[in-house]
Each structure stands twice: as structure tokens, then as C-alpha cells.
Amino acid sequence: MKWSNLTFFSKTLITVAIAAVVGGSVYFLSPGLRVDESKKVDKLEVSDKDVNNVTTSAELPVPGDEASTEVASKPLVRIAGYAWNAQSGIIVSNGGPKTTKGSIMEKNGVNLEIIRQDWLTELRNLQMKFIEELDKGNSFPKEGAAGIIIMGDGVPFYISSAQQALDDKYGAGKYQLQVVGAVGLSYGEDKLIGPPSWKMNPQSMKGALVSAVIGDGDWVTAVNYASANGIKINPDPATYDAEAVNFLASANDDYIESAKELIKSQTQKWTVPLKEVKAGKLTGKTIDKKVDGCATWTPGDKMVFDALTGFTDVVSTKEFNNQMATSIIFVRQWAEANKDIVSNILKSSYAASNQMKQYETWKKRASETTTKSFNMETPEYWYNMFKGQQGEKGGISYNMGGSRVFNLADANQYYGITDGVNRYKAVYDQVSRYLKDLNPAGFNQNVKRIVPYEEAVNLSFLKEVKDIDAGATYTTDYSKKATSVMASGEWRINFDPGRATIRPEAKDVLEQIYNLLVQAEDSKLELVGHTDNTGTQDGNYSLSTARAEAVKNYLIQKGIPATRFQKIDGKGQDEPAADNSTAAGKAKNRRVVISLLK
């Protein structure tokens with residue numbers, strides 16, 4: 001039968017049959033095209049190595065308990081510091097409060113004693129006593145402390161006040177206190193505790209009274225949170241302003257008292273008499289105010305969550321993750337005369353911290369040495385609090401603890417040595433502003449000048465640290481979409497009329513924004529521009545978006561990564577914050593809202 005005599009239907013059937021035979025042959029003769037049976041995939045197991053820093057160095061033996069004999073003949077160096085988990089790297093590098101056999105500090109030839117001291121005034125007295133002996137010609141005084149360890153956001157207050165006392169006693173510049181490096185930071189250990197509503201709606205904090213050590217890092221965390229949300233702060237702890245966040249100066253400048261005062265107020269109805277203020281003026285009335293929240297650190301947070309229901313960690317140094325670095329302050333003249341010792345102390349700490357980041361044995365050993373050095377709690381307590389703990393009570397979840405230690409790569413990044421973004425300078429400058437504007441503890445009356453960052457920090461010792469595994473640095477991952485708002489504040493940024501050009505006088509506001517964003521480096525960002533009702537509605541949409549973009553570009557130029565910006569938008573004149581019929585109202589409406597997302 002000829003192909004031309006077949007019907008169309010017959011031709012189609014034959015074509016399909018041939019295609020099936022050819023296709024089937026190819027399928028069976030070409031294994032690469034065959035689909036295999038589904039197989040069950042083993043459960044994904046994520047180990048500590050997957051989520052922590054990459055292993056870059058071999059595990060070293062942990063230090064022993066026995067006192068070192070190798071460095072016993074060397075001059076003793078004493079450092080005093082708070083009981084703070086972020087110091088565990090330097091403590092384990094020493095093997096305990098005194099240098100032990102087999103410790104990294106011993107290998108670097110340093111005879112070190114670490115002294116616990118939780119009072120800032122006593123830390124200052126120890127350093128002053130050291131200088132007094134140094135001034136008598138004693139190169140290695142056995143009294144006092146050559147260095148102290150405090151939270152980095154407390155440094156502007158400490159150095160500025162101590163420097164004035166030194167200048168008054170010995171003459172300007174004869175002795176100078178300087179930060180020589182940082183060895184770790186609080187990553188949630190320090191926090192603002194309050195009702196969950198402060199977290200869901202920060203504006204509900206208005207009128208609250210928060211117990212805190214005024215000027216302390218926990219207080220700074222609360223002030224940062226209020227600032228990022230555009231909430232007014234009442235700087236006077238003797239008065240009460242219903243339109244602001246108010247602070248109660250905790251007894252004895254003790255963060256544990258901050259926790260106790262919140263508990264006492266909530267359980268015993270204890271109140272504080274405060275003079276009422278409205279629009280910046282005293283009304284003549286006295287308000288008996290209960291304490292609504294507290295700013296404290298571990299173990300103050302555990303104390304609150306054990307005693308109370310209905311409270312949570314509103315914000316902490318996990319959100320403001322660069323705020324509170326463990327900073328070491330030495331007397332400059334002594335440190336420069338003993339540069340090898342100071343750099344070797346940093347070197348030992350960074351090497352031990354790198355081990356802690358990689359190996360569980362070092363973490364556990366660090367918790368043992370921390371217990372021995374602070375003489376409080378158990379190794380299990382410090383181990384758990386270093387990692388951070390979560391709890392739930394009455395249906396409300398909360399977090400406690402949380403710390404990180406610095407290896408050399410972390411320290412170099414923190415000071416911008418490797419990437420140009422000096423995180424510590426942002427913290428230092430921001431807190432210096434708080435000291436000047438809010439005048440905690442009468443700072444402006446008692447201290448003539450804030451020592452600028454350039455005088456207060458000396459990175460030459462850090463730059464001398466070499467010949468160790470620097471490790472991998474902590475890096476924020478901005479690839480994931482942020483889903484919740486941590487803080488959202490409206491900022492008045494001056495632009496040229498009808499244009500998106502930032503005016504020079506806006507630089508001060510932009511610096512404040514930049515400093516806050518650097519402190520909260522783990523957060524992503526959303527910028528929304530707004531205009532007044534001048535011009536057309538469509539034109540204002542474009543203008544408001546362009547202004548938000550201008551702020552974004554300024555921040556990128558300063559070093560904020562472009563990948564951190566999740567959304568840029570312009571609302572035009574649609575959401576006025578004030579009446580557009582007045583010049584003052586129009587000015588309020590020309591704004592950019594910056595939200596920190598997590």
C-alpha cells in the first residue's frame with residue numbers, strides 16, 4: 001500500500017506508533033533520561049560547626065588549674081572588671097583569675113591577675129591608686145590596677161570623669177587613660193525589661209518609669225530604643241513627664257537593684273514620688289508612680305523573670321548588637337612603656353576566644369574559669385547564659401543572657417580596621433551625645449569636657465597583635481527577609497524646597513541615624529519618605545520617594561551595606577503627621593520614617 005493512498009487518520013496513527021517505538025527505545029537505552037524511584041533523604045543534621053565560625057585552627061589543650069611557675073618571676077599585671085560573661089575569653093586565656101600552667105597567657109609570657117569589681121567607683125579607685133604608685137616611680141605597682149574592663153558604652157563617662165581628676169591632680173596630659181581594645185560583647189545579656197506591649201507598640205512606653213543605673217549601658221539600651229522610636233526622654237530622674245520615658249536612678253548605682261525595684265513595685269505596690277512636669281515646666285504636683293520596667297543585665301534579668309509574670313525582654317544588646325563591647329582601658333604612659341605586655345594580653349585573649357568559637361571543650365572550660373574568677377553561680381549557669389536562654393511564663397516568652405567573644409578578626413572589624421566601618425566610634429559618639437544632652441548624674445556640672453574618641457582610643461596595641469590565627473569574623477546575613485519591626489522613628493531631615501537634595505544642616509540628624517544603625521547592625525531597614533501638601537499629589541509621591549532614596553544613598557556612602565535596605569517607599573502627602581495649614585505643621589510633615597526590621 002502506497003503512503004499516498006492512506007487517509008489522514010491512518011497517517012496520524014502510524015506516525016504516533018513510530019514515535020512511541022523510537023521514544024521507548026531511547027528511554028530504555030539511555031539511562032540518563034530515565035527517572036529512578038524516589039528515595040528517602042536522611043534527616044539534615046546541623047552541628048555547631050555549621051552555625052558558628054568556620055574551623056580555622058587546630059584545637060589547643062585547655063589550660064589547667066595549677067598556678068604557672070614559668071611567669072611567676074615576671075612582673076604581675078592586674079586588671080579589674082565587672083562580672084560579665086563577655087569577658088570569658090580573656091579569663092580562659094589566663095586559666096582563671098591568676099595565670100595558670102598551660103594557659104595561653106603563660107605561653108605569651110604574661111603574669112596576669114583578673115580582679116572582679118562590680119562598682120565603677122571602685123574600678124576608678126583601683127586605677128587611680130595604680131597611677132599614684134606609678135607617679136612615685138614604681139614601674140609595676142602591686143597596688144591598684146593597671147587596667148580595667150568595662151562596657152564600651154560606659155567609656156565616655158568613665159574616661160572623661162577620670163581624666164579630669166588626673167589633670168587636676170597631676171597636670172593636664174601627664175597621665176592619660178585609653179581604650180586599647182575590646183575582647184567580646186554583650187549579645188543580649190543587657191536589656192530593657194517591660195510589658196510585651198512596649199515591644200508591640202513602642203509608643204505605649206510614653207509615661208513609663210524605668211528603674212536603671214543612670215548612664216550605665218543598660219540605660220543606654222533603653223535610651224537607644226526610645227530614640228529609634230522617636231519617643232521623648234525625660235533626663236531628670238526627680239521629675240515625671242507623661243509624654244516621655246522616665247527613669248528612676250537605682251539605689252547604689254547597682255543594676256541588681258534595678259531588677260529588685262521593679263519586682264518590689266509590682267508585688268508590693270511600692271511607688272516613687274516624682275514632681276510632675278508638663279511641656280517642660282513643673283506643675284507643682286507630685287505623682288506617686290509605680291515602676292513599670294527596668295534596665296538590667298544577667299543575673300538581674302533572671303531575677304525578674306523568676307519573680308514576675310507579664311514581663312519580657314523588650315530590647316537588648318542582641319538588637320543593638322554593637323553597642324556594648326568589653327573594652328580594656330590602660331594608663332597610656334604605662335602601656336606604651338610595656339607595649340609587648342599589653343599586646344600579648346590582647347593576643348592571648350583573641351587566641352583563646354577563637355578556640356571558644358570553635359570547640360565545646362573551650363566553652364566549658366571558659367565557664368569554669370569564669371565561675372572561679374567571679375566567685376558566683378556555677379559553670380553550668382555561665383555556660384548557659386553565655387549562649388542565651390529562652391523561657392516562657394504565663395504565655396509570654398522571654399530571653400536571658402547571651403554573649404560573644406572576639407577573636408582577632410572580630411576585633412579588627414569592630415574598629416573598622418578591615419572594612420572601614422568603625423563600629424566603636426559610632427557607639428562612643430552616640431553615648432557622648434547622650435551625656436551632653438541628657439546630663440546623667442549631673443555629668444555636665446561635674447565634667448568639663450567629653451574626651452573625644454581620637455584621644456580616648458589607641459589601636460596601636462591591637463595592630464601589634466600578629467602571628468595567631470585571626471579566625472573568621474562574625475558576619476550579618478542580610479539575605480533573608482525581615483518580618484517584624486524592632487523600632488520605627490520619624491526623623492526631620494532638611495531638604496531643599498521641592499527637591500531631594502539634603503541640606504547641610506541635616507548632617508547632625510543623619511549622623512545620629514547612622515550611629516544608631518551601626519549599633520543595631522543585625523537589623524534590616526525600611527525608609528519611607530513623606531512631604532507636606534505643597535505641589536501635586538503625584539509629584540509628592542515621586543519627591544518623597546526621591547528623598548528616602550537620598551537618605552539611603554547618604555548612609556550607603558557612610559558604609560551601611562546596600563543589601564541592608566529591604567524597602568524604600570514614598571507616601572507623598574497622604575499620611576500627614578501634623579496640620580498642613582501652618583508652616584510648623586508643614587515642617588513636621590516633611591520627614592523620613594526609618595524602621596529597623598528583624
Side-chain angles (χ1 to χ4, degrees), residues 120-121 124 150-168 172-173 176-179 190 192 210 212-239 241 243-250 253 277 280-281 295 320 322-325 327 329 422-457 487 489 491-494 504-520 558:
L120 194 64
T121 50
R124 176 174 147 159
I150 63 173
M151 296 80 80
D153 55 3
V155 171
F157 185 99
Y158 179 81
I159 283 191
S160 299
S161 58
Q163 192 60 52
Q164 183 169 317
L166 288 172
D167 290 349
D168 291 345
Q176 188 179 359
L177 300 179
Q178 286 187 324
V179 172
D190 303 73
L192 167 66
V210 178
V213 177
I214 307 292
D216 178 80
D218 306 309
W219 172 82
V220 172
T221 302
V223 172
N224 270 344
Y225 187 64
S227 298
N229 283 294
I231 305 172
K232 189 167 71 169
I233 297 156
N234 177 13
D236 183 359
T239 62
D241 184 347
E243 294 299 313
V245 175
N246 303 271
F247 288 96
L248 168 68
S250 293
D253 283 344
V277 170
K281 295 181 179 178
F320 290 107
N322 282 325
Q323 180 200 320
M324 206 174 284
S327 302
I329 300 172
N422 191 333
R423 292 148 180 85
Y424 187 55
K425 188 174 187 307
V427 175
Y428 193 96
D429 289 348
Q430 185 78 4
V431 176
S432 296
R433 170 181 287 276
Y434 291 156
L435 292 179
K436 185 179 175 184
D437 293 350
L438 302 177
N439 192 27
F443 179 84
N444 293 331
Q445 288 77 39
N446 299 323
V447 182
K448 294 174 185 171
R449 73 188 275 263
I450 299 173
V451 176
Y453 172 88
E454 289 73 18
E455 291 180 31
V457 179
W491 298 85
R492 293 266 304 281
I493 300 167
N494 291 329
E505 59 265 30
K507 185 181 176 186
D508 187 53
V509 174
L510 289 168
E511 283 299 307
Q512 292 179 54
I513 295 169
Y514 171 77
N515 289 338
L516 275 173
L517 298 186
V518 170
Q519 289 178 72
K558 290 277 293 181

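Everything numeric here is computed off the predicted structure, so don't read it as measured data.
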Do [X] and [Y] have side chains that approach each other closer than 4.5 Å (heavy atoms only, starting at C-beta)?
| X | Y | result |
| --- | --- | --- |
| Arg124 | Ser161 | yes |
| Val223 | Tyr225 | no |
| Pro440 | Trp219 | yes |
| Glu511 | Lys558 | yes |
| Glu243 | Ile231 | no |
| Lys425 | Asn515 | no |

Look at the side chain of [X] and the backbone N and O of [Y], then say whether any donor-acceptor pair between them is shorter than 3.5 Å.
| X | Y | value |
| --- | --- | --- |
| Gln164 | Asn446 | yes |
| Gln178 | Glu455 | yes |
| Ser250 | Ala212 | yes |
| Gln512 | Ser227 | no |
| Asn234 | Lys232 | no |
| Asn229 | Ala487 | no |
| Tyr428 | Val155 | no |

Mind checking the [atom1]-[atom2] spacing from [X] to [Y]? Nearest 0.5 Å is all I need.
| X | Y | atom1 | atom2 | result |
| --- | --- | --- | --- | --- |
| Asn444 | Leu438 | CG | CG | 9.5 Å |
| Ile329 | Gln176 | CD1 | CD | 12.0 Å |
| Trp491 | Leu510 | CH2 | CG | 9.5 Å |
| Phe443 | Leu435 | CZ | CG | 4.5 Å |
| Gln323 | Thr221 | CD | OG1 | 3.5 Å |

Testing the basics here: between [X] and [Y], what is the closest heavy-atom pair and its distance to 0.1 Å?
| X | Y | answer |
| --- | --- | --- |
| Gln519 | Ala426 | NE2-O, 4.2 Å |
| Ile233 | Ala226 | CG1-CB, 3.9 Å |
| Ser432 | Ile450 | O-CD1, 3.3 Å |
| Pro156 | Gly152 | CD-O, 3.7 Å |
| Met324 | Asp218 | CE-N, 3.9 Å |

Do Arg433 and Asp429 pass the salt bridge (charged side-chain N to carboxylate O under 4.0 Å, His left out) test, and can you show the C-alpha distance, the side-chain angles, and the key distance before you say yes or no? CA-CA 6 Å; Arg433 170 181 287 276; Asp429 289 348; over 6 Å; no
Test side chain to side chain contact (heavy atoms under 4.5 Å, CB included) on Phe320 and Leu516 and set out the steps. CA-CA 8 Å; Phe320 290 107; Leu516 275 173; 4.2 Å; yes
Looking at Val179, Leu177, Val451, which hits side chain to side chain contact (heavy atoms under 4.5 Å, CB included) with Tyr158? Leu177
Which of these passes side chain to side chain contact (heavy atoms under 4.5 Å, CB included) with Asp216: Ile214, Val220, Val213?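 The option that passes is Val213.
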Derivation and outcome, side chain to side chain donor-acceptor pair (under 3.5 Å), residues Asp153 and Tyr434: CA-CA 11 Å; Asp153 55 3; Tyr434 291 156; over 6 Å; no
For a side chain to side chain contact (heavy atoms under 4.5 Å, CB included) check, start with the C-alpha distance between Ile493 and Ile513, then their side-chain angles and the critical distance, and finish with the verdict. CA-CA 10 Å; Ile493 300 167; Ile513 295 169; 4.0 Å; yes
Ignoring hydrogens and angles, state whether a donor on the side chain of Gln163 or Asp167 is under 3.5 Å from an acceptor on the partner side chain.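 The criterion, which ignores hydrogens and geometry beyond distance, is satisfied for Asp167 and Gln163.
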Side chains of Tyr424 and Asn322: donor-acceptor distance under 3.5 Å anywhere? no
